[in-house]
Amino acid sequence: MDFNVQADTQEISVFRKEVREWLQENMRGAEGLRWSATWSTRENEEEYQFRRKLARKLGEKGWLFPMFPVEYGGAGLTIDHQLVLETELDHYGINLAAVFYTLARIVAPVILKWGAEEQKREFLPPMLRGEVSVWQVLTEPQGGSDIATCRTKAIRNGDHYVVNGQKIMVGYHHPPDFLWTLVCTDPSGPRHENLGWLYIPGNSAGITIQPMSLMMGIKNSVFFDNVRVPAFNLVGGENNGWRVANTHLELEHGGEGRVGADPLVERVVEYCQQMRVAGTPLMEDTSIRDIIADMLIELHVVHHFARRNFWHRYVREPHPYGGAQFRYYQRMVRLRNGERLQRIMGYDALVPDLTVNEVVDFEYVVRSGPGMLHGGGTLDTDRLVFARRVGLGRPTKEKAPTTI
Ligand SMILES: Cc1cc2nc3c(=O)[nH]c(=O)nc-3n(C[C@H](O)[C@H](O)[C@H](O)COP(=O)(O)OP(=O)(O)OC[C@H]3O[C@@H](n4cnc5c(N)ncnc54)[C@H](O)[C@@H]3O)c2cc1C
């Protein structure tokens with residue numbers, strides 16, 4: 001599992017050249033743009049349109065989901081090709097999985113694994129071509145960690161399900177084309193045997209979306225009021241939703257992995273080289289250098305965990321506890337980095353800087369750290385999964401599900 005030292009094979013170096021040239025051509029016009037972060041509201045129309053167009057162009061070539069089968073809109077390529085695409089795009093500060101605001105990166109693999117053939121042919125191509133925005137819709141007001149308590153009901157009525165209930169803390173500031181929604185398909189059924197997943201068109205009658213302006217950006221409440229959804233859109237089978245959820249959650253809880261590194265520390269170094277206190281650059285201060293060293297070390301560990309998980313995922317050998325380990329560590333590092341930034345630069349760390357990409361905006365790092373501890377499950381969920389996977393206090397170790 002060596003991502004850096006090994007030279008490209010002949011085939012891969014030809015592909016890298018092709019990708020580089022393609023990006024040079026297609027990233028033209030982005031020079032003046034500064035990417036906003038996932039739940040941000042700072043992005044403007046120009047940035048949004050650029051990102052949507054870029055996703056479509058990548059999607060047309062199958063490059064948004066390079067390893068997915070061609071018949072569903074992927075490119076049928078290998079993990080080496082995917083690594084090339086991820087690393088080359090990363091030079092532009094964009095992550096292949098999040099070119100624009102959609103959670104297709106999690107939803108598409110779940111549908112690929114659990115969908116019937118006709119569902120894959122219908123649902124996957126628009127997602128893989130970057131044409132639709134998909135939200136994941138799991139959390140409910142009574143609790144997010146214990147999603148098996150799902151109370152949003154979907155009751156079969158002829159060739160439709162009728163959905164009623166409420167979700168919370170979902171989505172982005174742009175409206176969704178589809179809601180990938182966990183529902184209760186059998187309200188009187190036993191726990192874990194009463195769930196299902198519906199791929200619900202966002203414009204269905206009876207859906208109300210209410211934005212919530214939070215410290216880190218916009219999330220939404222979604223209300224379902226007698227929403228009729230074709231039975232065809234139930235993925236993975238009625239009352240089988242818990243097994244589908246396991247695949248979904250493994251990806252969301254760190255199992256999907258990531259290739260790009262967090263560029264924060266480079267910007268901190270730059271800042272400390274330029275910023276002077278009493279005529280001396282901050283970088284000369286040994287206590288500040290110590291803080292930066294801690295950041296650097298921890299971010300390297302995060303990077304290696306993320307790459308390791310990426311590799312395990314794509315060779316279809318899920319790391320037993322790698323997802324939860326990565327998620328827990330990454331989020332704690334982010335929180336610690338927010339505190340470190342304040343120690344290094346004081347109030348400067350609380351002032352937004354629109355001239356940089358938001359992920360390296362110190363103010364955003366400070367502001368988003370606490371919220372990130374809950375997004376996609378809390379730290380306690382990470383600890384719980386970790387403990388189960390290594391068999392703490394249990395006679396057996398829980399296995400990680402395979403994803404795609
Ligand atoms: C930025 C952000 C983005 C999000 N995006 C989405 C999204 O796109 N889609 C979506 O569906 N949801 C989303 N969520 C919701 C998120 O998944 C939930 O917040 C999360 O699952 C926790 O649920 P909760 O907030 O209801 O907390 P609760 O589950 O009510 O937990 C409350 C507290 O109890 C602790 N706790 C709970 N259970 C246990 C246990 N068994 N053992 C020990 N401690 C426990 C928790 O750690 C926490 O401290 C997002 C949240 C945030 C903050």
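As the structure lists them, so they are numbered: ligands from 1, and atoms in each ligand from 1. Residues: numbered from 1 along the sequence shown.
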Please determine whether a side-chain nitrogen of the Lys or Arg among D186 and K153 lies less than 4.0 Å from a carboxylate oxygen of the Asp or Glu.
no
Side chain, backbone, both or neither: the part of W39 lying under 4.0 Å from ligand 1 by heavy atom:
side chain
Counting from 1 in the order shown, the ligand 1 atoms closer than 4.0 Å to a non-hydrogen atom of G371 are 53 (C)
Could you tell me if R129 sits above the aromatic ring of F65, with its cationic atom closer than 6.0 Å to the ring centre and no more than 45 degrees from the axis?
no
Give a yes or no on whether a salt bridge exists between D382 and R331, defined as a side-chain N under 4.0 angstrom from a carboxylate O.
yes
Taking 4.0 Å as the limit for heavy-atom contacts, which would you say applies to K167 with ligand 1: side chain only, backbone only, both, or neither?
neither
Short N-O contact, D361 and R34, less than 4.0 angstrom
no
Do ligand 1 and L138 have nitrogen or oxygen atoms that lie under 3.5 Å from each other?
yes
Heavy atoms only: which of S145, G144, S368 is nearest to atom 38 (N) of ligand 1?
S145
Applying the ring pair (Phe, Tyr, Trp, His ring centres under 6.0 Å) test to F123, which of Y72, F232, W180 qualifies?
F232
Do you know which of W135, Y48, Y101 makes ring pair (Phe, Tyr, Trp, His ring centres under 6.0 Å) with H173?
Y101
Nearest protein heavy-atom contact for atom 9 (N) of ligand 1: which residue, which atom, what distance?
Q136 O, 2.9 Å
Based purely on interatomic distance, does E140 place a nitrogen or oxygen under 3.5 Å from a nitrogen or oxygen of ligand 1?
no
Numbering the atoms of ligand 1 from 1, which are under 4.0 Å from a heavy atom of M216?
1 (C)
Going by a strict under-4.0 Å cutoff (protein heavy atoms only), does atom 33 (C) of ligand 1 have a neighbour on the protein?
no
What is the nearest protein non-hydrogen atom to atom 22 (C) of ligand 1, stated with its residue, atom name and distance?
T378 CG2, 3.6 Å
Quick one: does atom 43 (C) of ligand 1 have a protein heavy atom under 4.0 Å from it?
yes
Among protein heavy atoms, which sits nearest to atom 30 (O) of ligand 1, and what does the distance come to when rounded to 0.1 Å?
G143 CA, 4.0 Å
So which heavy atom in the protein is nearest atom 45 (C) of ligand 1, and how far is it from that ligand atom?
D380 CB, 3.8 Å
Name the closest protein heavy atom to atom 2 (C) of ligand 1, giving the residue it belongs to and the distance to 0.1 Å.
G375 CA, 3.5 Å
Nearest to atom 10 (C) of ligand 1, what protein heavy atom do you find, and at what distance?
T139 OG1, 3.3 Å
What residue and heavy atom of the protein are closest to atom 40 (C) of ligand 1, and at what distance?
L384 CD2, 4.7 Å
Nearest protein heavy atom to atom 20 (C) of ligand 1, by residue and atom, and its distance?
H374 O, 3.4 Å
With sequence neighbours left out, the residues meeting ring-ring contact (aromatic ring centres under 6.0 Å, His included) with Y321 are H319, F386
Under the criterion side-chain hydrogen bond (donor to acceptor under 3.5 Å, both in side chains), which of Q330, R340, H303 is the partner of E298?
R340
Within a distance of under 4.0 Å, is there any protein heavy atom near atom 50 (C) of ligand 1?
yes
Looking at D290 and R343, is any side-chain nitrogen of the basic one under 4.0 Å from a carboxylate oxygen of the acidic one?
no
Evaluate M169 for polar contact with ligand 1, using N/O atom pairs at a separation under 3.5 Å.
yes
Using a strict threshold of under 4.0 Å (side-chain N to carboxylate O), is an ion pair present between E131 and R56?
no
What verdict does the salt bridge (charged side-chain N to carboxylate O under 4.0 Å, His left out) test give for R121 and E117, after you've listed the backbone C-alpha separation in whole Å, the side-chain angles of each residue and the deciding distance to 0.1 Å?
CA-CA 6 Å; R121 288 190 184 276; E117 186 55 32; 2.9 Å; yes
Salt-bridged, E140 to R151, with N to O below 4.0 Å?
no
Cation over ring, R258 on F310, under 6.0 Å and within 45°?
no
Below 4.0 Å, non-hydrogen atoms only: which portion of M372 touches ligand 1? Side chain, backbone, both or neither.
neither
Go through ligand 1 atom by atom and flag the ones less than 4.0 Å from a non-hydrogen atom of G377.
17 (O), 20 (C), 21 (O)
